[in-house]
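Each remark here refers to the structure printed beneath this line.
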Amino acid sequence: LSIVNSGIQNKTKQNYCNEVKVYEQAFSVTIEDNVQIYSGVIVFPGVKIGKGSIIGAGIIVTKDIPCGVLAFGAPCKVIRQINEEDRLMN
């Protein structure tokens, strides 16, 4: 999160700057074991993707994804649980 307060300008075209304050806070992304993330995926800060999940290509992940699910769509959402038959196909 960045917040920047910019300077001000008076009528004589002279620049008087307020203090520029930048507040940054990093939020980690957690990707658990055996997760498949296809190309072009954007994961927002603070999101957790659960073990064994599959994230479709070109998706923006804005919320946590539980373990063992197939997720895609705009915005990203859980489509269904991955079952044993899906695992045998690999």
Side-chain angles (χ1 to χ4, degrees):
L1 171 64
S2 293
I3 301 169
V4 178
N5 294 325
S6 61
I8 58 170
Q9 192 172 24
N10 70 7
K11 292 180 184 177
T12 63
K13 305 276 184 191
Q14 294 176 331
N15 290 328
Y16 295 94
C17 293
N18 289 335
E19 286 184 43
V20 176
K21 297 179 182 178
V22 178
Y23 302 95
E24 293 185 12
Q25 185 173 2
F27 295 95
S28 64
V29 170
T30 303
I31 300 174
E32 294 185 344
D33 295 336
N34 299 320
V35 171
Q36 295 178 33
I37 299 177
Y38 288 90
S39 65
V41 171
I42 298 170
V43 181
F44 275 29
V47 168
K48 177 182 175 183
I49 300 176
K51 181 178 179 178
S53 291
I54 300 173
I55 309 298
I59 301 305
I60 299 175
V61 184
T62 59
K63 297 179 182 176
D64 290 352
I65 303 296
C67 297
V69 298
L70 174 63
F72 59 88
C76 186
K77 60 185 173 188
V78 174
I79 302 303
R80 65 179 174 87
Q81 283 289 129
I82 296 172
N83 57 38
E84 194 59 36
E85 187 175 303
D86 295 329
R87 295 182 209 289
L88 295 175
M89 294 177 133
N90 291 331

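Quick note: residue numbers are just sequence positions, from 1.
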Nearest atoms (heavy-atom pairs only) where F44 meets V29: O-CG2, 3.6 Å
For I82 and L70, which heavy atoms make the closest approach, and how far apart are they? CG1-N, 3.8 Å
Taking the side chain as C-beta and beyond, is there a heavy-atom pair between I37 and I49 under 4.5 Å? yes
Which residue pairs satisfy the side-chain hydrogen bond (donor to acceptor under 3.5 Å, both in side chains) criterion with at least one member in residues 56-72, sequence neighbours excluded? none
Would you please name every residue forming a side chain to side chain contact (heavy atoms under 4.5 Å, CB included) with A74, sequence neighbours left out? none
Taking every non-hydrogen atom, the tightest pair across G46 and F27: N-CB, 3.6 Å
My understanding is that only residues two or more places apart in sequence, or in another chain, count here; which of them pass side-chain hydrogen bond (donor to acceptor under 3.5 Å, both in side chains) with K48? E32
Counting C-beta onward and ignoring hydrogens, is there a side-chain heavy-atom pair between C76 and I65 closer than 4.5 Å? yes
Can you find a pair of side-chain heavy atoms, one from F72 and one from I54, that are under 4.5 Å apart? no
Sort and list the pairs that fulfil salt bridge (charged side-chain N to carboxylate O under 4.0 Å, His left out) and have at least one residue in residues 67-83, not counting sequence neighbours. R80-D86
Do the non-hydrogen side-chain atoms of V41 and V43 ever get within less than 4.5 Å of each other? yes
In short, side-chain hydrogen bond (donor to acceptor under 3.5 Å, both in side chains) pairs touching residues 49-60 with sequence neighbours left out are none
